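Here the structure is a predicted model, which means the values were calculated and not measured. In what follows, residues are counted from 1 in the order of the sequence shown.
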Amino acid sequence: MKSIKTYIKPVIAFLLLAGAISCSDPWEEHAETSDTNLSVNLGEALTASAQTSEFGKLLTETGYDKILASSKTFTVWAPTNAAFAEVEASALASAAAKKLFVENHIALTAFSSVTQQDTVTVKMYSNKYLEFKLGKVIADANIVEADKYTSNGLYHIIDKALAPKKNIWEYIRDKASTNAMSKYLIDLNEVNIYSRDSVQKSLALPGIYADSLTNSYFTNVYNLNNEENKYTFFLLEDGSFVTETERLRPYMNRISEDSTTTYTNYFTVRDLAFHKAIARENLPDTLVSKFGVKVPLNDATITEEIQLSNGVVYVMGELEIPLETRLLTTTIQGEEPFQFSQGDKRGNTFYREKEDPNGNVFNDIMVQNHRVNRFTIYYGASNLYTTTYKVYWRAINDIQTNTFQQRVNIGGLISAEDGSLLEPFAELPYTDVAPNVYEEVYVGEFELTLKGSGQILVSLMAANSTSDGANTLSLDYLKLVPVIK
């Protein structure tokens with residue numbers, strides 16, 4: 001009588017073989033088959049196929065039949081003749097449009113329908129990115145016949161053509177003649193929001209710049225022309241755009257009406273782009289912009305939804321962002337100065353990592369025993385509004401047993417001769433820094449009436465004393481809190 005093991009071994013071997021066959025990639029095995037299609041390339045196969053002959057004609061017209069005859073490996077998602085007949089004329093209206101249309105059906109390398117990934121993001125020859133889902137769907141087209149192999153790749157036959165969609169920036173560009181916000185965004189390519197030369201001169205510091213705006217929405221917000229990422233963008237109709245800019249305009253006074261308009265428009269639109277595409281049914285009641293502004297949303301005010309190649313645009317009949325959330329507090333970190341009134345006090349300057357009584361770790365700066373009257377630390381504050389600001393600091397005196405005083409000054413220039421502060425437009429009063437106080441302290445307020453550059457000088461000045469202990473400086477952070485008029 002044979003043992004059970006004698007019978008089990010062949011069964012196990014059979015099951016392992018069957019499992020290997022069912023999970024293998026057909027593209028890996030195509031070279032081992034005798035399929036006659038393997039003697040022709042993709043261009044020849046698609047042109048000869050009765051199901052895809054119309055697409056094949058377009059390959060020949062655009063020259064892509066020759067590209068698909070090369071030694072590279074490709075995947076083509078080819079529409080049936082019936083699907084090709086449904087393509088809108090605008091998608092094939094010119095030689096360039098036909099070329100882009102063809103490119104949106106071709107990818108480099110092999111993408112088989114047999115995959116262990118639910119979704120594969122495929123970069124097409126058009127530089128658009130399409131989602132290949134479960135090996136059965138590409139974008140919104142279903143595969144009706146999969147994995148048809150040739151000598152240099154494979155093709156899938158689909159029931160809907162993959163006409164390339166515009167991206168968000170292309171959509172905005174097309175709307176520039178009929179939508180004021182779109183026109184502003186396109187015009188922004190020709191406008192410098194902040195002149196870096198003027199910032200440099202105002203600070204008298206070569207090479208020191210704020211994290212300021214440039215002439216590109218792409219650089220400072222999101223590159224809405226980028227096909228690799230997905231975005232959600234809210235485009236205001238003209239009435240809403242005018243309303244929002246007029247509410248913000250009193251806080252954006254500049255040296256001319258034109259520059260005031262440019263800045264006002266920028267600070268209106270910069271909070272309306274968001275990373276990742278958000279489906280309408282998943283829109284929350286509030287989104288937080290890249291800059292920390294809370295943007296309230298109301299589905300009832302969406303007048304149009306446009307699905308694009310790199311995300312979605314929602315056209316808004318109304319979108320009101322409260323000034324209380326629009327006007328952001330500026331926080332200046334004490335340990336991030338860009339200059340001192342005297343540069344030879346490194347031995348007296350301490351960049352500290354400390355722990356407060358609640359166990360919270362913080363970083364700050366302390367300068368002590370420097371023996372310089374009104375020794376000053378300089379900072380820059382960008383993107384301030386024309387309004388009143390209330391100023392708070394957290395300044396930790398955990399070394400000395402005595403109270404010292406320091407003050408905050410706003411604006412002015414740095415003397416090229418001795419590093420002293422010249423002509424600040426606001427000098428806040430000297431304020432005590434008592435031992436072991438870890439709470440924020442209100443130190444005064446100032447009014448900014450006209451903003452002419454991208455950065456305002458902010459300085460922390462020690463007491464008018466050379467005595468050790470009396471002229472110490474300490475700063476965890478400053479907060480400049482704008483007041484709503």
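Of all heavy-atom pairs between Glu445 and Thr388, the closest is OE2-CG2, 3.9 Å. Contact detail for Asn104 and Ser126: the closest heavy-atom pair is OD1-OG, 2.6 Å. Heavy atoms only, all atoms of each residue included: Thr150 and Ala45 are closest at CG2-CB, 3.6 Å. Counting all heavy atoms, side chain and backbone alike, Gly311 lies closest to Ala277 at CA-CB, 3.9 Å. Between Ala381 and Val458, the closest heavy-atom pair is CB-CG2, 3.8 Å. Closest non-hydrogen pair, Leu327 versus Pro482, comes out as O-CG, 3.6 Å.
Residues passing the ring pair (Phe, Tyr, Trp, His ring centres under 6.0 Å) test with Phe233: none are found, sequence neighbours excluded.
At least one donor-acceptor pair closer than 3.5 Å links the side chain of Lys485 to the backbone N or O of Pro250. Judged purely by atom type and a 3.5 angstrom limit, Ser151 has no side-chain atom pairing as donor or acceptor with the backbone of Ser39. A donor-acceptor contact shorter than 3.5 Å links the side chain of Thr325 to the backbone of Pro322. Judged by distance alone, the side chain of Tyr389 and the main-chain N or O of Tyr385 form a donor-acceptor pair under 3.5 Å. Side-chain atoms of Asn310 come within 3.5 Å of backbone atoms of Ile168 as a donor-acceptor pair (strictly under, hydrogens ignored). Between the Thr330 side chain and the Leu384 main chain, no donor and acceptor come within less than 3.5 Å of each other.
Tyr379 and Gln339 are not linked by any side-chain donor-acceptor pair at a separation below 3.5 angstrom, with hydrogens and angles left out of the test. No hydrogens or angles considered: nothing links the side chains of Thr261 and Thr264 as a donor-acceptor pair under 3.5 Å. In this model, a donor atom of one side chain and an acceptor atom of the other lie less than 3.5 Å apart for Asn81 and Ser53.
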From CA spacing to verdict: side chain to side chain donor-acceptor pair (under 3.5 Å), Asn253, Thr449: CA-CA 7 Å; Asn253 291 335; Thr449 57; over 6 Å; no
Leu478 and Thr331: CA distance, side-chain angles, deciding distance, side-chain contact (heavy atoms from CB on, under 4.5 Å) verdict: CA-CA 6 Å; Leu478 282 172; Thr331 301; over 6 Å; no
Between Ser240 and Thr243, does a side chain to side chain donor-acceptor pair (under 3.5 Å) hold up when you go through it step by step? CA-CA 5 Å; Ser240 182; Thr243 299; over 6 Å; no
Could you walk me through whether Arg249 and Glu244 satisfy the salt bridge (Lys or Arg N to Asp or Glu O under 4.0 Å) test, starting with their C-alpha distance in whole Å, then the side-chain angles of each, then the deciding distance to 0.1 Å, before giving a yes or no? CA-CA 9 Å; Arg249 191 179 183 88; Glu244 285 298 289; over 6 Å; no
Determine, step by step, whether Asn167 and Asn225 satisfy the side chain to side chain donor-acceptor pair (under 3.5 Å) criterion, reporting the C-alpha distance in whole Å, the side-chain angles of both residues, the deciding distance to 0.1 Å, and the verdict. CA-CA 6 Å; Asn167 65 35; Asn225 199 32; 3.0 Å; yes
List the steps, then state whether side-chain contact (heavy atoms from CB on, under 4.5 Å) holds for Ile365 with Arg352. CA-CA 6 Å; Ile365 190 171; Arg352 311 188 304 172; over 6 Å; no
Could you go step by step and tell me if Glu237 and Thr303 meet the side chain to side chain donor-acceptor pair (under 3.5 Å) rule? CA-CA 9 Å; Glu237 292 183 351; Thr303 60; 2.8 Å; yes
Begin with the C-alpha distance, continue with both residues' side-chain angles, and end with the deciding distance and a verdict on side-chain contact (heavy atoms from CB on, under 4.5 Å) for Thr119 and Leu134. CA-CA 6 Å; Thr119 302; Leu134 300 171; over 6 Å; no
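Interatomic distance, Met124 CE to Ser309 OG, rounded to the nearest 0.5 Å: 12.5 Å. Summarising the geometry, atom CD1 belonging to Ile321 is positioned 10.0 Å from atom CG belonging to Leu287; distances are rounded to the nearest 0.5 Å. We find the CD1-CG distance between Ile106 and Leu46 to be 8.5 Å, quoted to the nearest 0.5 Å.
Counting heavy atoms of neighbouring residues, nucleotides and ligands inside a 6.0 Å radius, atom CD of Glu86 does not exceed 12 of them. The environment of Lys66 atom NZ is sparse: at most 12 non-hydrogen atoms of other residues, nucleotides or ligands sit within 6.0 angstrom. Annotation: Lys230, atom NZ; neighbour count of heavy atoms from other residues, nucleotides and ligands within 6.0 Å is above 12. At most 12 non-hydrogen atoms from other residues, nucleotides or ligands lie less than 6.0 angstrom from CD of Glu88.
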Run the side-chain donor-acceptor check on residues 136-144: report pairs under 3.5 Å with partners two or more places apart or on a different chain.
| from | atom 1 | to | atom 2 | distance (Å) |
| --- | --- | --- | --- | --- |
| Asp140 | OD2 | Lys160 | NZ | 2.8 |
| Asn142 | ND2 | Asp159 | OD2 | 3.2 |

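By the 6.0 Å and 45° rule, Arg326 does not stack over the aromatic ring of Phe267.
Within the 4.5 Å cutoff, no side-chain heavy atoms of Tyr477 are placed close to those of Asp364. Here the side chains of Trp393 and Val408 are in contact, with some heavy-atom distance below 4.5 Å. At least one side-chain heavy atom of Ile172 sits less than 4.5 Å from a side-chain heavy atom of Leu185. Two residues are said to be in side-chain contact when any heavy atoms from C-beta on lie closer than 4.5 Å; Glu305 and Val313 fail this criterion. With a 4.5 Å cut-off on side-chain heavy atoms, Ile306 and Val312 do not count as touching.
Tested against Tyr314, the residues Tyr231, Phe234, Tyr171 include a single ring-ring contact (aromatic ring centres under 6.0 Å, His included) partner, Phe234.
Salt-bridge annotation for Lys290 and Asp271: absent, with no side-chain N of the basic residue lying under 4.0 Å from a carboxylate O of the acidic one. In this structure, Asp118 does not pair ionically with Lys133, as no charged nitrogen and carboxylate oxygen lie closer than 4.0 Å. For the pair Lys294 and Glu324, the salt-bridge criterion is not met [side-chain N within less than 4.0 Å of a carboxylate O]. Between Glu61 and Lys57, no side-chain nitrogen of the basic residue sits less than 4.0 Å from a carboxylate oxygen of the acidic one, so the salt-bridge criterion is not met. Salt-bridge annotation for Glu170 and Lys128: present, with a side-chain N of the basic residue lying under 4.0 Å from a carboxylate O of the acidic one. In this structure, Arg394 does not pair ionically with Glu440, as no charged nitrogen and carboxylate oxygen lie closer than 4.0 Å.
Under the 30°/60° scheme for interplanar angles, the aromatic rings of Tyr125 and Phe74 are found to be tilted. Aromatic ring orientation, Tyr184 versus Phe241: tilted (interplanar angle from 30° to 60°).
Separation of the Tyr155 and His105 ring centroids does not fall under the 6.0 Å cut-off. Ring to ring, Trp77 and Phe132 are close: their centroids are under 6.0 angstrom apart.
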